[in-house]
Undergrad: 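Okay, handing you the structure first.
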Amino acid sequence: MRLVRAMPWRATVLTIFPEMFRGPLGVSLAGRALESGLWLIEPVDIRDFTTDRHRSVDDTPAGGGPGMVMKPDVLARALDAQAPDDRPRLLMSPRGAPLTQDRVDTWAKGRGLVIVCGRFEGVDERVIETRGLEEVSIGDYVLSGGEIAALALLDACVRLLPGVMGKEASGAEESFTAGLLEYPQYTRPQVWEGRAIPDVLISGDHAKVAAFRRSEAERLTRERRPDLWAAYLERVRRSMTKG
Ligand code: SAH
């Protein structure tokens with residue numbers, strides 16, 4: 001039986017560039033799901049919560065130094081204006097815990113997210129503390145703002161919502177889901193620029209296909225991601241000693 005949601009999965013995004021959220025999530029899987037009401041996105045313009053004539057959202061850093069810092073009072077007003085609910089409140093931040101498929105799975109199973117996008121040098125520490133924002137990073141590099149990070153996070157969540165992906169199964173076998181990178185994929189033409197698709201994949205032998213994919217996934221993970229490979233071996237070792 002398909003899970004029917006009483007309420008669509010809801011993403012509230014606090015940003016000074018609300019227009020950035022219309023385009024990218026309006027196409028393909030996420031866009032179709034948006035149209036059919038499986039989820040909804042509510043960009044909130046932080047600037048609407050300013051009180052001064054210049055509508056300032058930032059000010060100079062205490063202690064000096066370059067750049068500007070997002071003001072805690074304005075951001076807190078924007079957050080406090082959202083009806084309280086049990087959705088996690090995230091702050092996109094290069095200092096945050098890294099985004100992983102496990103965390104995405106958990107959030108996709110919930111009711112949605114409230115996401116704050118930083119700009120400038122970041123946000124005043126006090127608003128992170130008082131509003132209990134959970135910092136999330138999409139990688140060890142610095143973007144100019146949290147919007148593109150939030151888009152990446154939302155894309156990863158939305159494709160997992162029930163009814164979004166064509167085949168429910170297509171999420172299950174992908175990179176990271178089993179702790180391994182995905183095996184190489186091929187499609188027609190069977191021979192392209194002199195290179196043939198591996199014979200086993202056109203043999204029709206499902207067991208052999210599965211074994212080939214498994215060993216290729218293991219090889220790629222070993223070669224490219226020693227960190228994931230070590231964690232995988234550890235899980236295999238534990239499951240063997242347990243059972
Ligand atoms: N001065 C900060 C960087 C600020 S970048 C520092 O050195 O840590 C401006 C904003 O972009 C941040 O507030 C954050 O919201 C966003 N951002 C930048 N890099 C990011 C990353 N890797 N993951 C998530 N958000 C990021």
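First listed ligand is number 1; within each ligand, the first listed atom is number 1. Computed from a prediction, not measured in an experiment: that's the story for all the values here.
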Undergrad: Taking only residues two or more places apart in sequence, or in another chain, which ones meet Asp227 in a salt bridge (charged side-chain N to carboxylate O under 4.0 Å, His left out)?
TA: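 Arg225.
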
Undergrad: Would you call Glu147 and Arg119 a salt bridge, taking side-chain N to carboxylate O under 4.0 Å as the test?
TA: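 A salt bridge is present here (some side-chain N lies under 4.0 Å from a carboxylate O).
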
Undergrad: For Asp52, does its backbone N or O pair with a side-chain atom of Thr50 as donor and acceptor, under 3.5 Å?
TA: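 It does not hold such a pair.
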
Undergrad: Testing Leu133, Leu79, Leu91, Leu90 for side-chain contact (heavy atoms from CB on, under 4.5 Å) with Val114, which one passes?
TA: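 Looking at Leu133, Leu79, Leu91, Leu90, the match for Val114 under the side-chain contact (heavy atoms from CB on, under 4.5 Å) is Leu79.
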
Undergrad: Under 3.5 Å, sequence neighbours excluded: what are the donor-acceptor pairs made by side chains of residues 22-45?
TA:
from, atom 1, to, atom 2, distance (Å)
Ser36, OG, Arg32, O, 3.0
Ser36, OG, Ala33, O, 3.4
Trp39, NE1, Ala30, O, 3.0
Glu42, OE1, Arg10, NH1, 2.9
Glu42, OE1, Thr12, OG1, 3.0
Glu42, OE2, Arg10, NH1, 3.3
Asp45, OD1, Arg47, N, 3.0

Undergrad: Could you pull out every donor-acceptor pair under 3.5 Å between side chains of residues 64-78 and any protein atom, sequence neighbours left out?
TA:
from, atom 1, to, atom 2, distance (Å)
Arg77, NE, Phe49, O, 2.9
Arg77, NH2, Phe49, O, 3.0

Undergrad: Give every pair made of an N or O atom of ligand 1 and a protein N or O atom lying under 3.5 Å apart, one pair per line with both atom names and the distance to 0.1 Å, or write 'none'.
TA:
from, atom 1, to, atom 2, distance (Å)
ligand 1, 1 (N), Glu121, O, 3.0
ligand 1, 1 (N), Glu121, OE1, 3.1
ligand 1, 11 (O), Gly145, N, 3.4
ligand 1, 11 (O), Gly146, N, 3.4
ligand 1, 15 (O), Met92, O, 2.6
ligand 1, 15 (O), Gly118, N, 3.0
ligand 1, 19 (N), Leu143, N, 3.0
ligand 1, 22 (N), Gly139, O, 3.0
ligand 1, 22 (N), Tyr141, O, 2.8
ligand 1, 23 (N), Ile138, N, 3.1
ligand 1, 25 (N), Ser93, N, 3.2

